[in-house]
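Okay, structure first, notes after.
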Amino acid sequence: MHADNKKTIRKLKTVGGQIDGLIKMIEDNRYCIDISNQIMASISILKNINKEVLQAHLEHCVYQSLNSDDEEDIKQKIEEIEKVIDKLNKI
């Protein structure tokens, strides 16, 4: 992975903490809107992490592939990105 590993791990740990907090909120029967706001905050961080990972993939893996003579690898990288875009459109 070519994204900033330390930054990515830090953000994922933040989301992990938020998820732990969400579990506690539900166990404590907290107000639904408060829970929903916390869920949206977690989703936002995860989307941001995914964007950074995909940007790094494009800038490194896809770029390297496009600058190679390996037509099969180029085709594979393009198909991978197409699948990710399709998945993102379904979220």
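Here the structure is a predicted model, which means the values were calculated and not measured. Note: hydrogens, waters and symmetry copies are ignored here, and every other heavy atom, side chains too, is used.
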Side chain to side chain donor-acceptor pair (under 3.5 Å) filter on Lys13, not counting sequence neighbours, yields none
According to a hydrophobic-cluster definition based on side-chain heavy atoms being under 4.5 Å apart (Ile, Leu, Val, Met, Phe, Trp, Tyr only), do Ile9 and Val53 belong together?
no
Side chain to side chain donor-acceptor pair (under 3.5 Å) filter on Lys11, not counting sequence neighbours, yields Asn48, Glu52
Joint cluster assignment, Val15 & Ile35, ILVMFWY side-chain distance < 4.5 Å:
yes
Rounded to the nearest 0.5 angstrom, the CD1-CD1 distance for Ile45 and Ile43 is 11.0 Å
*asked:* Has Ser65 got a side-chain atom pairing as donor or acceptor with Ile74's backbone, closer than 3.5 angstrom?
replied: yes
| said: Are Val62 and Ile78 packed together at the side-chain level, in the sense that at least one heavy-atom pair is separated by less than 4.5 angstrom? | reply: no
d(Glu80 CD, Asp73 CG) to nearest 0.5 Å is 8.0 Å
In this structure, CD1 of Ile26 is separated from SG of Cys32 (nearest 0.5 Å) by 9.5 Å
Verify, without hydrogens or angle tests, whether Thr8 (side chain) and Asp4 (backbone) share a donor-acceptor contact under 3.5 angstrom. yes
Which side-chain N or O atoms in residues 82-91 pair as donor and acceptor under 3.5 Å with protein atoms at least two apart or in another chain?
residue : atom : partner : partner atom : Å
Asp86   : OD2  : Lys90   : NZ           : 3.3
Asn89   : ND2  : Ile85   : O            : 3.3

So NZ of Lys47 and CE of Met40: to nearest 0.5 Å the spacing works out to 11.0 Å
- [ ] Could you tell me whether the side chain of Leu22 reaches within less than 4.5 Å of the side chain of Ile19, counting heavy atoms only?
- [x] yes
Is there a path of hydrophobic side-chain contacts, each under 4.5 Å between heavy atoms, that joins Tyr31 and Met25? no
Task: Side-chain donor/acceptor of Asn50 to backbone N/O of Leu46, under 3.5 Å - done: no
(Q) Between His57 and Ile81, is there a side-chain heavy-atom distance shorter than 4.5 Å? (A) yes
Rounding to 0.5 Å, atoms CD (Glu59) and CG (Leu54) come to a distance of 11.0 Å
Q.
Using modelled atom types and a 3.5 Å cut-off, is there a donor and acceptor pairing between side-chain atoms of Asp70 and backbone atoms of Glu72?
A. yes
